[in-house]
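Data block below; observations after.
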Amino acid sequence: MAKSSAIKDAEALLHSLRSAYTATPTNLKIIDVYVLFALFTGVIQVVYMAIVGSFPFNSFLSGVLSCIGTAVLAVCLRIQVNKENKEFKDLPPERAYADFILSNLVLHLVIMNFLG
């Protein structure tokens, strides 16, 4: 009996999340897809390392940290670009995108340095 109410609660939660997400602006949805792509690429690299091996371990670490870092920076971009976020109300979106590009450049320069 409790399981059926838990399933109903889960269905209600998923329905409310889906209906709330449909009201999300398109630019935030694009950033969400980018975050999912970055995380999925990191997962693929970890699975590949588990199957094949991690001979050049610094290359594996660089790839995974690049994916994770890019995803984190994209989440920060999403927070800054979101119009409903009161904390970044005065920040123009162009500045947020410029910060994202610059921080990605620094991240990937550090990763390229780590590769050797």
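What you see is a predicted model; the values in this text were computed from it and never measured. No hydrogens, no waters, no symmetry mates; every other heavy atom, side chains included, goes into these values.
Among residue pairs with one or both ends in residues 39-48, none qualify as salt bridge (charged side-chain N to carboxylate O under 4.0 Å, His left out); sequence neighbours excluded. Residue pairs meeting the salt bridge (charged side-chain N to carboxylate O under 4.0 Å, His left out) criterion with at least one member in residues 46-70, sequence neighbours excluded, do not occur. Evaluation of the side-chain hydrogen bond (donor to acceptor under 3.5 Å, both in side chains) test over residues 69-79, restricted to residues two or more places apart or in two chains, returns Asp32-Arg78.
Across all their heavy atoms, Lys29 and Thr24 have their closest contact at CE-O, 3.3 Å. Closest non-hydrogen pair, Ala38 versus Cys67, comes out as O-CB, 3.4 Å. Here the shortest heavy-atom pairing between Ala96 and Val81 reads CB-CG2, 4.0 Å. The two residues Leu39 and Ala71 make their nearest non-hydrogen contact at CD2-CB, 3.8 Å. Of all heavy-atom pairs spanning Leu107 and Gly69, the tightest one is CD2-C, 3.7 Å. Of all heavy-atom pairs spanning Ala74 and Val35, the tightest one is CB-CG2, 3.5 Å.
In this view, Ile79 and Val75, Asn85, Phe88 satisfy the side chain to side chain contact (heavy atoms under 4.5 Å, CB included) rule, not counting sequence neighbours. Partners of Leu13 according to the side chain to side chain contact (heavy atoms under 4.5 Å, CB included) rule, which considers only residues two or more places apart in sequence or in another chain, are Ser16, Leu17. With sequence neighbours excluded, no residue forms a side-chain hydrogen bond (donor to acceptor under 3.5 Å, both in side chains) with Ser62. In terms of the side chain to side chain contact (heavy atoms under 4.5 Å, CB included) criterion, Leu65 has no residue partners (sequence neighbours excluded). Applying the side chain to side chain contact (heavy atoms under 4.5 Å, CB included) test to Ser59 and every residue at least two apart in sequence or in another chain returns Pro56, Leu115.
Residue Ile44 shares its hydrophobic cluster (ILVMFWY side chains chained together at separations under 4.5 Å) with Phe40. Under the 4.5 angstrom side-chain criterion for Ile, Leu, Val, Met, Phe, Trp and Tyr, Val33 has no cluster partners at all. In the hydrophobic clustering (ILVMFWY side chains linked at under 4.5 Å, chained through shared members), Tyr48 is joined by Val43, Val47, Ile51, Val52. Grouped by direct or indirect side-chain proximity (heavy atoms under 4.5 Å, Ile/Leu/Val/Met/Phe/Trp/Tyr only), Ile30 sits alone.
Residues Phe37 and Ile111 do not share a hydrophobic cluster, clusters being chains of Ile/Leu/Val/Met/Phe/Trp/Tyr side chains in contact below 4.5 Å. Ile68 and Val106 fall into different hydrophobic clusters, where Ile, Leu, Val, Met, Phe, Trp and Tyr are joined by side-chain heavy atoms under 4.5 Å apart, directly or via other members.
In this structure, Pro93 and Lys83 have side chains that are in contact, with non-hydrogen atoms separated by less than 4.5 Å. Counting only heavy atoms from C-beta outward, the side chains of Asn27 and Tyr97 approach each other to under 4.5 Å.
Summarising the geometry, atom CG belonging to Leu105 is positioned 11.5 Å from atom CZ belonging to Phe100; distances are rounded to the nearest 0.5 Å. For the atom pair NZ of Lys8 and NE2 of His15, the computed distance is 15.5 Å after rounding to the nearest 0.5 Å. One distance of note links CG of Leu14 with OG of Ser19; it measures 10.5 Å at 0.5 Å rounding. Remark: Lys89 NZ to Glu84 CD distance equals 8.0 Å, nearest 0.5 Å.
Between the side chain of His108 and the backbone N or O of Asn104, at least one donor-acceptor pair lies under 3.5 Å.
Taking the centre of each ring, Phe60 and Phe57 come in below the 6.0 Å mark.
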